[in-house]
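A short write-up of the structure that comes next.
Every chain is numbered from 1, with letters handed out A, B, ... down the list of sequences.
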2 protein chains.
Amino acid sequence: MGTSQRPTIKTVAARAGVGRTTVSRVLNGSPLVSDAAKAAVQAAISELNYVPSSVARSLVTSRTQSVALVIPESESRLGSEPYFSAVIRGVSTGLSDTPFQLLLILVRDQRELDQLRDFLAARRVDGVLLVSVHRDDPLPALLEEFGLPAVLAGRRSAAESLSHVHSDNAGGAAEAVRHLLRRGRRTIATITGPLDMDVGHSRRQGWRDALREGGADASEALAEPADFTEEGGRRAMRALLERRPGLDAVFAASDVMAAGALAELRRHGRRVPEDVAVVGFDDSIVARHTDPPLTSVRQPVEEIGSTMASILLEEMDEADEADRPGGGRRQVLLPTSLVVRESS
Amino acid sequence: MGTSQRPTIKTVAARAGVGRTTVSRVLNGSPLVSDAAKAAVQAAISELNYVPSSVARSLVTSRTQSVALVIPESESRLGSEPYFSAVIRGVSTGLSDTPFQLLLILVRDQRELDQLRDFLAARRVDGVLLVSVHRDDPLPALLEEFGLPAVLAGRRSAAESLSHVHSDNAGGAAEAVRHLLRRGRRTIATITGPLDMDVGHSRRQGWRDALREGGADASEALAEPADFTEEGGRRAMRALLERRPGLDAVFAASDVMAAGALAELRRHGRRVPEDVAVVGFDDSIVARHTDPPLTSVRQPVEEIGSTMASILLEEMDEADEADRPGGGRRQVLLPTSLVVRESS
DNA sequence: AACCCCGGTGGGATCGCTCCCACTCGGCTT
DNA sequence: AAGCCGAGTGGGAGCGATCCCACCGGGGTT
């Protein structure tokens, strides 16, 4: 009930018998405070149960102590993709012993994009993390325009100009395909992700590289793009079976698509892995529960999140040290690993 | 490039040839502005590309225009549970045409709990959404203590004093069990959630109610608690099989636990659904991909999120209309439905 | 003895807004 | 004709912090 106003820095100063500035110094860990004063202030703070107003602080420092995680995805994905949860968890971990708060911004349509633009223009965050970038995404350009520290998960293309963290998509895909070759498969198709995303592109590239390296067929007819959804995977599988009924393996660029492919293969009377081996990507919870359990390329998604956070912290540091804009773009490539299960 | 300071309300006022107050009035949609003035201000705003500083506004209004979604879960869950993603998506939808921003706060250990306490004490958000509450969770009490508008997903017990939204856990469980009875099953075990959570409790209650109603065995030996994880489900299944080798059905309080149960049943040579029927809860992506696909109780998780958001908005409204604390606790119960697949 | 330096301190100005209040100026009452 | 009202307006005073700068006093230098 005590409707007593929250104490302010003034209250604390009065209580401790010092000036506001001294309290502020203690709060910010300045060394220019006598031990006596510091003790008095700390006592006053805990007696009054004082917590500084971050809003007031932000007004004068023009730093908000918060970062945004922007997820630009149409309805369909966030739900089905454990990927985003893992990234969130990683980011949260990476931020957990800093004073930074995490804002979550879902951008699903034009209106939300406009809102985001205003939000960024109002400098309501000190930095931005962006996942799931498409080649022609307007967001990265927006970030560059605003000169806001930013880190991407993934990249628009190999020439990405913003800092980013991604996993070794080409390498992981190649490893998967090499595994299939080793198992004696010769006609290895791929269901790719959207080709306007670097993940889609790079995983297909890895598939192609490994096939050529092994002297196997890497023709275009064996690659069918889909959209990372289960239904997309099913459709792509159907198209591939039509073109190449004799295929004996499929590498899908995500577990969810692989799950769709499995369903379609079953519908066409193909046994997995006897007739057709299947490998997915992500090693998500889905992979462990399909029938049969899915061999999959594991990527360290949570680590992607935490790495993004660290990099962003560095960029924000630089941004207020110097006001020189470019401290240099950073990029981190994280390794993948193959988890073999019964589908291959 | 252009290091021109962001324009402030003063700049706009000067440009429009009016006073700051008039600009503020236009910004806040006050009717006490002449059309001429309003037009001049709007022109100035768009010419200068002005976006008001929400920080300055917050300082004076002492409202932050943001709410926190607090997820107090140990590492294990957020990853495996599509539940949280869906809630997030729902919340975001419910907030999307308001000016409120969403902060995501993961509380995984004592340190993060302390941080949260300070965060709330600093009134850095106008309201709080809390998911996954345990009976002895310290958080709800904290919220009541701070007098912060708050809405829970789920409840501590049937006598929950805070506003909350939950699905018809008992009803959904009962429906699942009735379905099993109808299929001729007689010895129906259950793998419950943690019994210190209302979800765990209520779903077990529904199981028990339906069994009694059908005149079937509802003895304690047929209920084994687990922790919503796959490994937990496996362990619980093992215990149940040991106690009741002859059981012919299992109702698991989550799909993930049901998946664990499936694996364990297979290990023991039981066929699903021939020997043992299995039903899960959540109708998550996992349910569609298990072998065999899982019959499951669907709950409208996304709707839980959006409903929480609406309720919180109402509570925050009230909180600044009157300063009377209790506008009354709200509670919403959302219906579940049974999705039948091959496991039963 | 006069000086300077520097650790420690506090008051005023400031950040960009909202809100209170005092003011103007037509159009109506009486 | 003198008042009064109410719509429209703007300046000043905050909100609660930080930061600049002026100040104070004691120890070391010359």
Side-chain angles (χ1 to χ4, degrees), chain A residues 4-42 44-45 48-66 99 118-119 121-124 126 320 323, chain B residues 4-42 44-45 48-66 99 118-119 121-124 126 320 323:
Chain A
S4 56
Q5 288 303 324
R6 268 182 64 199
T8 76
I9 200 171
K10 234 179 200 158
T11 331
V12 176
R15 173 76 160 231
V18 299
R20 303 186 331 271
T21 311
T22 300
V23 177
S24 175
R25 288 199 182 95
V26 172
L27 254 30
N28 296 292
S30 155
L32 271 76
V33 191
S34 66
D35 291 346
K38 187 191 283 186
V41 168
Q42 274 159 347
I45 287 178
L48 293 169
N49 230 297
Y50 168 75
V51 184
S53 153
S54 56
V55 172
R57 181 177 306 189
S58 288
L59 182 58
V60 53
T61 59
S62 65
R63 244 163 285 129
T64 62
Q65 300 292 74
S66 56
D118 280 356
F119 179 81
R123 283 289 189 282
R124 293 197 50 181
D126 298 336
D320 45 50
D323 54 324
Chain B
S4 56
Q5 287 304 324
R6 268 179 66 199
T8 77
I9 201 173
K10 231 179 203 159
T11 331
V12 176
R15 172 76 160 234
V18 300
R20 303 185 331 271
T21 311
T22 299
V23 177
S24 176
R25 287 201 180 92
V26 172
L27 253 30
N28 296 294
S30 156
L32 271 75
V33 191
S34 65
D35 291 346
K38 188 191 282 188
V41 169
Q42 275 159 348
I45 285 178
L48 292 169
N49 231 296
Y50 168 74
V51 183
S53 152
S54 57
V55 172
R57 181 177 308 193
S58 287
L59 183 58
V60 53
T61 59
S62 64
R63 243 162 285 127
T64 61
Q65 299 292 76
S66 56
D118 280 356
F119 179 81
R123 282 289 189 282
R124 293 197 50 180
D126 298 335
D320 47 48
D323 53 324

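Smallest separation of non-hydrogen atoms from A/Thr22 and A/Ala37: CG2-CB, 4.1 Å. Listed here is the closest heavy atom pair of B/Val12 and B/Tyr50: CG2-CG, 3.5 Å. What you find for B/Ser58 and B/Thr64 is that their closest heavy atoms are OG-CA, 3.6 Å. For the pair B/Leu27 and B/Pro52, the tightest heavy-atom approach, listed with the atom from each and the gap, is CD2-CB, 4.2 Å. In this structure, B/Asn49 and B/Pro7 approach most closely via the heavy-atom pair O-CG, 4.4 Å.
No side-chain heavy atom of A/Val55 sits under 4.5 Å from any side-chain heavy atom of A/Leu59.
Contacts of B/Arg15 classified as salt bridge (Lys or Arg N to Asp or Glu O under 4.0 Å), with partners at least two apart in sequence or in another chain: B/Glu47. For the side-chain hydrogen bond (donor to acceptor under 3.5 Å, both in side chains) test, residues two or more places apart in sequence or in another chain that qualify with A/Ser54 are B/Arg124.
At a threshold of 4.0 angstrom between heavy atoms, the contacts of B/Ala37 are confined to the sugar-phosphate backbone, with no base atom among them.
Looking at A/Thr61, its side chain does come within 3.5 Å of a backbone N or O of A/Arg57 through a donor-acceptor pair.
Once you apply a 4.0 Å limit to the heavy atoms of chain B, the touched nucleotides of DNA chain D run 5' to 3' over D/dG8 to D/dG16.
Test B/Val26, B/Asn28, B/Val41 against B/Val33 for side chain to side chain contact (heavy atoms under 4.5 Å, CB included) and you get one pass: B/Val26. Partner A/Val23 forms a side chain to side chain contact (heavy atoms under 4.5 Å, CB included) with one of A/Thr11, A/Thr8, A/Ile9 and no other, that one being A/Ile9.
For DNA chain D, the residues of residues 29-36 of chain B within the heavy-atom distance limit of 4.0 Å (strictly under) are B/Pro31, B/Leu32, B/Val33, B/Ser34, sorted by number.
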* Structure fact -> Protein-proximity profile, nucleotides 10-17 of chain C, B/S/- by nucleotide at the 4.0 Å heavy-atom cutoff, equals BBBB-BBB

Pick out the pairs of N or O atoms, protein on one side and nucleotides 22-28 of chain C on the other, that lie under 3.5 Å.
none

